[in-house]
Structure formats: structure tokens, C-alpha cells
Amino acid sequence: MSSKKFTTSTLNGLRYEIARRVNKTLNKEVADYVKDKLKEHVKEDVYSTYSPTEYNRREENGGLLDDKNIRHKVKSCELSVYEEAPIEGPRLDSPNWVEKKDSLAQIIEHGAHNPWNSKEYPWTKPRPFVTKTQEDINYRYAEILDILEKGVNHDTGTK
């Protein structure tokens, strides 16, 4: 198997190739790393705080741990990872953390009032799993740089 080496005669060509490699690494290895950290915080900061008696958690089956609900996008060498688990049932239908203030992730992150009665329940209290994931990622910044360096240096493919 032959490997192709990248060559360019312009600074813009070099910038383009570096950005391409960074975006590619962010889109796969770094996104997977961040999603794993998000799942760890869902388990630790959301699911381990109490056991519901009024409902069953969906977890990996349409809930916060379901890979289909943990999305990401890469644009201009920037990675965004977000949770899109829908709120179950006809109560609310707002599946996007970024744009919807009443998404399941937002409600869990910031807490919510109880729309059915005035009682407080464990689920109405904030459980800031997204904030804690971001703090964890910030703390492990060197690990992410290592992942990026390996991805950028080992990518010899072309467009």
C-alpha cells in the first residue's frame, strides 16, 4: 500500500490542508471522545441522582444515552456536540438543545417547573450534565490536542 505525501507551493494550500485534516479529525475521533464524555456525565449527573417511580427512563432506547440523539457538527475547525433526545409524549416537542429552551436537555440542565401541579420532584431540579461535560472537556484539553495531533499527522489522504 503506497502512501501519498501532501505537497503544496502556496501558503493557502497549506492552510486548506491543515483545516481539512483538523475538520476530519474533529468529525470522527474528537467527536467520539466528546460524546463518550457526555454519556459519562448523563450517567453520573442525571441518571445516578435518583431513580424515578412515576416513569421509566428511555436511556439507550430513545433517551439521553441513545447514540441517535447525541449529534455533532463541525464547521470551520469548530466542533459542536449536542443532545437531541425528544421529550416523550405529547407534552412538549422540542428536540434541539441549541435552539429550543424547552428541550429535554435544557429542562434537565436548568431544571423546570412542574406543569401538572405545584409539587417539586427530583426531575424539576437542575442537573447540569452539559455544563459538567464542558468543564471535563476543558480540563482534559491536552488529551484532545493529542487526538487532534495524531489525526492531523496521520492523515495522508487527499480530498
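Without hydrogens or angle criteria, His154 side chain to Lys150 main chain gives a donor-acceptor distance under 3.5 Å. Judged by distance alone, with hydrogens and angles left aside, the side-chain atoms of Arg58 form no donor-acceptor pair with the main-chain N or O of Gly63 at under 3.5 Å.
Salt-bridge formation is not detected for the pair Glu78/Lys75: no Lys NZ or Arg NE/NH1/NH2 atom is positioned less than 4.0 Å from an Asp or Glu carboxylate oxygen.
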Side-chain polar contacts of residues 121-128 - donor-acceptor pairs under 3.5 angstrom, sequence neighbours left out - could you list them?
{"from": "Thr124", "atom 1": "OG1", "to": "Tyr121", "atom 2": "N", "distance (Å)": "3.3"}
{"from": "Thr124", "atom 1": "OG1", "to": "Tyr121", "atom 2": "O", "distance (Å)": "2.6"}
{"from": "Lys125", "atom 1": "NZ", "to": "Glu120", "atom 2": "OE1", "distance (Å)": "3.4"}

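Scored by the side-chain contact (heavy atoms from CB on, under 4.5 Å) test, Asn138 finds Gln134 as partners (sequence neighbours excluded). Partners of Asn27 under the side-chain contact (heavy atoms from CB on, under 4.5 Å) rule, at least two apart in sequence or in another chain, are His72, Val74.
Here Ser76 contributes atom OG and Asn23 contributes atom CG; the two are 7.0 Å apart, rounded to the nearest 0.5 Å. Here CD of Glu44 is found 13.0 Å from CZ of Phe129. Values are rounded to the nearest 0.5 Å. Rounding to the nearest 0.5 Å places OH of Tyr141 at 8.5 Å from CG of Leu148. Rounding to the nearest 0.5 Å gives a distance of 3.5 Å between CD1 of Ile87 and CD1 of Ile107. Rounded to the nearest 0.5 angstrom, Asp66 CG and Glu84 CD are separated by 11.5 Å. Expressed to the nearest 0.5 Å, how far CD of Glu149 lies from CD1 of Ile144 amounts to 14.0 Å.
Test Asp136, Thr131, Ile137 against Thr133 for side-chain contact (heavy atoms from CB on, under 4.5 Å) and you get one pass: Ile137.
The environment of Tyr55 atom OH is dense: over 12 non-hydrogen atoms of other residues, nucleotides or ligands sit within 6.0 angstrom. In Arg71, the CZ atom is not crowded: 12 or fewer heavy atoms of neighbouring residues, nucleotides or ligands sit closer than 6.0 Å.
The two residues Thr8 and Thr10 make their nearest non-hydrogen contact at OG1-N, 3.3 Å. For the pair Gly62 and Pro86, the tightest heavy-atom approach, listed with the atom from each and the gap, is O-CD, 4.1 Å.
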Q: Please report the C-alpha distance between Asn69 and Leu64 in whole Å, then the side-chain angles of each, then the deciding distance to 0.1 Å, and finally whether the side-chain contact (heavy atoms from CB on, under 4.5 Å) criterion is met.
A: CA-CA 7 Å; Asn69 292 329; Leu64 295 172; over 6 Å; no
**Q.** Working for side-chain contact (heavy atoms from CB on, under 4.5 Å), residues Tyr47 and Leu65
**A.** CA-CA 10 Å; Tyr47 290 152; Leu65 293 174; 3.5 Å; yes
**Q.** CA sep, side-chain torsions, deciding dist, call: Lys39, Ile70, side-chain contact (heavy atoms from CB on, under 4.5 Å)
**A.** CA-CA 9 Å; Lys39 285 181 174 184; Ile70 303 173; 3.7 Å; yes
Q.
Apply side-chain contact (heavy atoms from CB on, under 4.5 Å) to residues Arg140 and Lys37 and explain how you reach the verdict.
A. CA-CA 10 Å; Arg140 298 172 190 284; Lys37 291 295 175 195; 3.5 Å; yes
Q: Determine, stepwise, if the pair Asn12 / Arg15 fulfils side-chain hydrogen bond (donor to acceptor under 3.5 Å, both in side chains).
A: CA-CA 5 Å; Asn12 281 342; Arg15 284 183 184 137; 3.3 Å; yes
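A 4.5 Å side-chain heavy-atom check between Val34 and Leu38 finds every atom pair outside the cut-off.
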